[in-house]
Amino acid sequence: MSQDAAAPRDFIREMVAADVASGRFGRPVKTRFPPEPNGFPHIGHVKAICVDFGVAKEFGGTCNLRFDDTNPAGEDVKYVEAFRTDIRWLGFEWDAELYASDYFEQFYRYGELLVQRGSAYVDSQTDDEIRKNRGTVTAPGTNSPYRDRPVAENLDLLRRMKAGEFPDGAHVLRGKIDMAHPNMLMRDPILLRIRHAPHYRQGDAWCLYPLYDFAHPLSDAIEGVTHSLCSLEFKDNNDIYRWLVRECGFDRPPEQTEFSRLSLEYTVMSKRKLLRLVNDGVVSGWDDPRMPTISGLRRRGVTPEGLRAFVETAGVSRKPQRTELATLEHAIRNDLNTRVPRVLCVVNPLKVVLTNYPEGEVEWLEAPSYPHDVPLTGSRRVPFSRELYIERDDFMEDPPKKFFRLAPGREVRLRYGYFITCREVVKDSSGRVVELRCTYDPATRGGDAPDGRKVQGTIHWVSAGQALDCEVRLYDRLFTIPNPDEVEDFIAAVNPGSLVVVRGARVEPSVGSDPPGTRYQFERTGYFVSDVVDSRPGALVFNRTVGLRDTWAKVKER
RNA sequence: UGCCCCCUCGUCCAACGGCAGGACAUCGGACUUUGGAUCCGAGAAUGGUGGUUCGAAUCCACCGGGGGCAACCA
């Protein structure tokens, strides 16, 4: 913590460090993560979670998980569960689990307090009139005819509103601020409104529901939050925040500070659009591995550590950002590189027959599970035999200069295996290559030539007889354009190649009994995870988390 | 159009009146039983114009650009 105080990573930590040093709040740092439970947590939330929980942890404080469930429409326990699961999965633990809906009674009493202070009034205009009288950005609003209602009348109305005597929209409680305020949000903001609707937690106990600008500052203040960290779009709400906590008499009230949201290239983040992708069947569900949801990323094979590292890299500032996908992919590869075992999997098999290898023989070769530069140990045995499969892309009949893989007459190394030389190309009637007839050099077992000769390339392979058939799901960016938010119809920008399902891939037998959710690097191909939903012994399914960096692909492009 | 916020390499983040630096990306090279990883190197930025100052990315003014706000959503 002293380290953080010495070198704050961003303007927020800088501010918190200063507040801690000055003893500004006279209490330990307390933050909160306040999601509305009306959608699934996504990678944008990850940033907020890392900031809210991270700041508290770094400064020896606490962070509450508070559900901002003040709007009965759309909120549901299933979203509450999702947030709980995903926050814990990310590696954070909250101090208290709280619900703004538990404060309804308190909110109401603060409403009465404001009325008594002459700082709020019951307005009986229609919603149309309220909107019209708010004015515009250039023209001031006009006072409600009910603005100067006597306190007693306001109180009476407010009590009857709570008692359910009025239909939806008949009256609202408004703060009495300034209908000509340059900040539109300060033009007598609505605080409480009547809504005869069941709440997922409160049932029919309430028909008076607070609005964000009323509930949020009060919730923070009630809980004794010190630093209320939120995203930039709440900047204008900060004026009300300060007004409200002062009017309600809180001593050393929380301070709201805004930072920019995370946005990522080639995806969308709004709940509405995410929901549309699910409802339209563009994706298989909220946890589709192409979704930017935490559950989607998890199913994709991303780890909490990788995600946290990414957020760290993306940084915290007040500048609206759009982070490149490459930054995320790097964080994921960097994390997975040092922790997952390597295995051999041929995605698009091409048969290879070793004409000088004895028929029917199988030998089991020792293969390390980690490369020399990863500080983990372990190995497994992989079968080798006369009939193998190699990657179709690893053979070219007429290769360009820099193609280092297999070609007629050329010798390559089979990873952990032998050197082989391509002697003959077998094609079907349509001219498609269906088999390679090669010879192997028995002296190169394990991949080293005793005579010291070198080969240009090393390719992966599996033994035809023992390899396991599997399905491989190749995921790619969900959209074809970096910013799907700026087009009319974002659905039209969905990448048709965002999922390519490959059946008939072959993986080495060692993975056959691993539990679903096991992560691997398929050597030379990418990082994969066995799918937690669909993968079963005997019917293995692997999701591509992210491909390996591919220098050859770049060379090929030219 | 009124108010508010923002503007530094392609991207993200530093530099808090004193030599514009890092990460990712890009391009070269080394190494390599993954065309992975790693290592080395290169190119690459203060939106513009004035002002204050010995000195400005930093302070001020204006201009330009981007974003937010006119739900009884959050």
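Below, chains carry the letters A, B, ... as their sequence lines are ordered, and counting in each starts from 1.
- For the 3.5 Å distance criterion, the side chains of A:Glu258 and A:Asn238 qualify, holding a donor opposite an acceptor.
- For A:Phe522 and A:Phe542, the ring centers sit closer than 6.0 Å to each other.
- Across all strands, A:Ser260 comes closer than 4.0 Å to no nucleic acid atom at all (heavy-atom distances).
- B:A42 and B:G47 have their C1' atoms separated by 27 Å, given to the nearest Å.
- Using a 4.0 Å heavy-atom distance criterion, A:Asp68 is classed as a sugar-phosphate-only contact.
- Dashed line: the shortest gap from a side-chain N or O of A:Thr458 to OP1 or OP2 of B:U32 is not under 4.0 Å.
- A:Lys319 has a side-chain polar atom (N or O) that falls below the 4.0 Å cut-off from OP1 or OP2 of B:U8.
- At the heavy-atom level, A:Lys402 lies under 4.0 Å from base atoms of the strands shown.
- A salt bridge links A:Asp441 to A:Arg453: one of the charged nitrogens lies within less than 4.0 Å of a carboxylate oxygen.
- Mapped onto RNA chain B by nearest heavy atom, A:Thr138 and A:Arg318 fall at different nucleotides, with A:Thr138 at the one closer to the 5' end.
- Residue A:Trp364 holds its CH2 atom at 8.0 Å from OG of A:Ser463, rounded to the nearest 0.5 Å.
- The residue A:Phe310 sits apart from the nucleic acid: no heavy atom pair falls under 4.0 Å.
- Distances shown here put every side-chain N or O of A:Lys235 at or beyond 4.0 Å from the OP1 or OP2 atom of B:C69.
- Spacing between B:G66 and B:U8 at atom C1', rounded to whole Å, works out to 15 Å.
- A sub-4.0 Å separation between OP1 or OP2 of B:C72 and a side-chain N or O of A:Arg134 is present.
- Counting any heavy atom pair closer than 4.0 Å across all strands shown, A:Glu258 reaches no nucleic acid atom.
- Look at the C1' atom in both B:A15 and B:A57: the space between them is 9 Å, to the nearest Å.
- Picking from B:C5, B:A14, B:A70 the nucleotide with the shortest atom distance to the side chain of A:Met184 gives B:A70.
- Within 4.0 Å (heavy atoms only), A:Asn237 reaches at least one base atom of the nucleic acid.
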Under 3.5 Å between N/O atoms: give me all the protein pairs with nucleotides 36-46 of chain B, atom names plus distance.
unit_1	atom_1	unit_2	atom_2	d
B:G36	OP1	A:Thr551	OG1	2.6
B:G36	N1	A:Asp373	OD2	3.4
B:G36	N2	A:Asp373	OD1	3.2
B:A37	OP2	A:Arg549	NH1	2.9
B:A37	O2'	A:Asn337	ND2	3.4
B:A37	O2'	A:Asp373	OD2	3.4
B:A37	N3	A:Asp373	OD2	2.7

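- The distance from atom CD1 of A:Ile390 to atom C1' of B:U34 is 15 Å, rounded to the nearest whole Å.
- B:A71 adopts a syn glycosidic conformation, its chi angle falling within 90° of 0.
- For the pair A:Glu324 CD and B:C13 P, the computed distance is 12 Å after rounding to whole Å.
- A salt bridge is defined here as a Lys NZ or Arg NE, NH1 or NH2 lying under 4.0 Å from an Asp or Glu carboxylate O, and A:Glu312 with A:Arg9 meets this definition.
- A distance of about 47 Å separates the P atoms of B:C4 and B:U38, rounded to the whole Å.
- Formation of a donor-acceptor pair under 3.5 Å by the A:Arg380 side chain with backbone atoms of A:Pro368 is found in this model.
- The side chain of A:Asp10 has B:A14 as its nearest neighbour among B:A14, B:C24, B:C27.
- A:Arg322 has no side-chain polar atom (N or O) that falls below the 4.0 Å cut-off from OP1 or OP2 of B:U11.
- Residue-level contact check: A:Leu192 touches neither bases nor backbone, having no heavy atom under 4.0 Å from any strand.
- Using a 5.5 Å limit on the distance between ring centres and a 30° limit on the angle between planes, the aromatic ring of A:Trp552 counts as stacked on the six-membered base ring of B:G35.
- For A:His45 and A:Phe83, the ring centers are positioned less than 6.0 Å apart.
- A:Ser317 has a side-chain polar atom (N or O) that falls below the 4.0 Å cut-off from OP1 or OP2 of B:C13.
- Among the heavy atoms of the strands lying under 4.0 Å from A:Leu211 are primed sugar atoms or P, OP1, OP2 only; no base atom is included.
- At the heavy-atom level, A:Thr126 lies under 4.0 Å from base atoms of the strands shown.
- A:Pro210 comes within 4.0 angstrom of the backbone, heavy atoms only, and of no base.
- For A:Asn71, counting side-chain heavy atoms from C-beta on, the closest listed nucleotide (B:G2, B:A74, B:G35) is B:A74.
- Donor-acceptor pairing under 3.5 Å, judged by distance alone, is absent between the side chain of A:Glu233 and the base of B:C69.
- Listed nucleotides: B:G35, B:C12, B:C24. Nearest to the side chain of A:Phe403: B:G35.
- Checked against the 6.0 Å centroid criterion, the rings of A:Phe40 and A:Tyr79 qualify as a close aromatic pair.
- Comparing atom distances between the A:Glu14 side chain and each of B:C24, B:C12, B:C16 picks out B:C16 as nearest.
- As rounded to the nearest Å, B:C69 and B:C62 have P atoms that lie 25 Å from one another.
- B:G41 and B:U46 are spaced 25 Å apart, taking the P atom of each and rounding to whole Å.
- Between the P atom of B:C4 and the CZ atom of A:Arg242 lies a distance of 13 Å, rounded to the nearest Å.
- When rounded to the nearest whole Å, the span between CG of A:Asp168 and P of B:A71 equals 19 Å.
- Taking atom OH on A:Tyr241 and atom P on B:A74, their separation rounds to 16 Å, with Å as the unit.
- Looking at the side chain of A:Ile190, the nearest of the listed nucleotides B:C4, B:C72, B:U34 is B:C72.
- Taking atom CZ of residue A:Phe214 and atom P of nucleotide B:A71, one finds them 21 Å apart after rounding to whole Å.
- Residues A:Asp69 and A:Tyr200 bring a donor and an acceptor atom of their side chains to less than 3.5 Å of each other.
- The residue A:Phe234 sits close to a base: some heavy atom pair falls under 4.0 Å.
- Per the geometry, CZ belonging to A:Arg261 stands 17 Å off P belonging to B:C12, to the nearest Å.
- A:Asn238 comes within 4.0 angstrom of nothing in the nucleic acid, heavy atoms only.
- Among the heavy atoms of the strands lying under 4.0 Å from A:Thr136 is at least one base atom, whether or not backbone atoms are also near.
- Taking the C1' atoms as reference points, B:U26 lies 12 Å from B:U11, given to the whole Å.
- Side chain of A:Arg405, nearest nucleotide from B:G35, B:C69, B:A25: B:G35.
- Between the side chain of A:Ser260 and the backbone N or O of A:Ser317, at least one donor-acceptor pair lies under 3.5 Å.
- Here the side chain of A:Arg32 pairs a donor or acceptor atom with the backbone of A:Leu229 at under 3.5 angstrom.
- For the C1' atoms, the distance linking B:A30 with B:C5 amounts to 48 Å, nearest Å.
- A:Gln125 comes within 4.0 angstrom of a nucleotide base, judged by non-hydrogen atoms across all strands.
- Judged by distance alone, the side chains of A:Gln202 and A:Tyr99 never bring a donor and an acceptor atom under 3.5 Å apart.
- Protein atom CD1 of A:Ile43 is 14 Å distant from nucleotide atom C1' of B:C12, rounded to whole Å.
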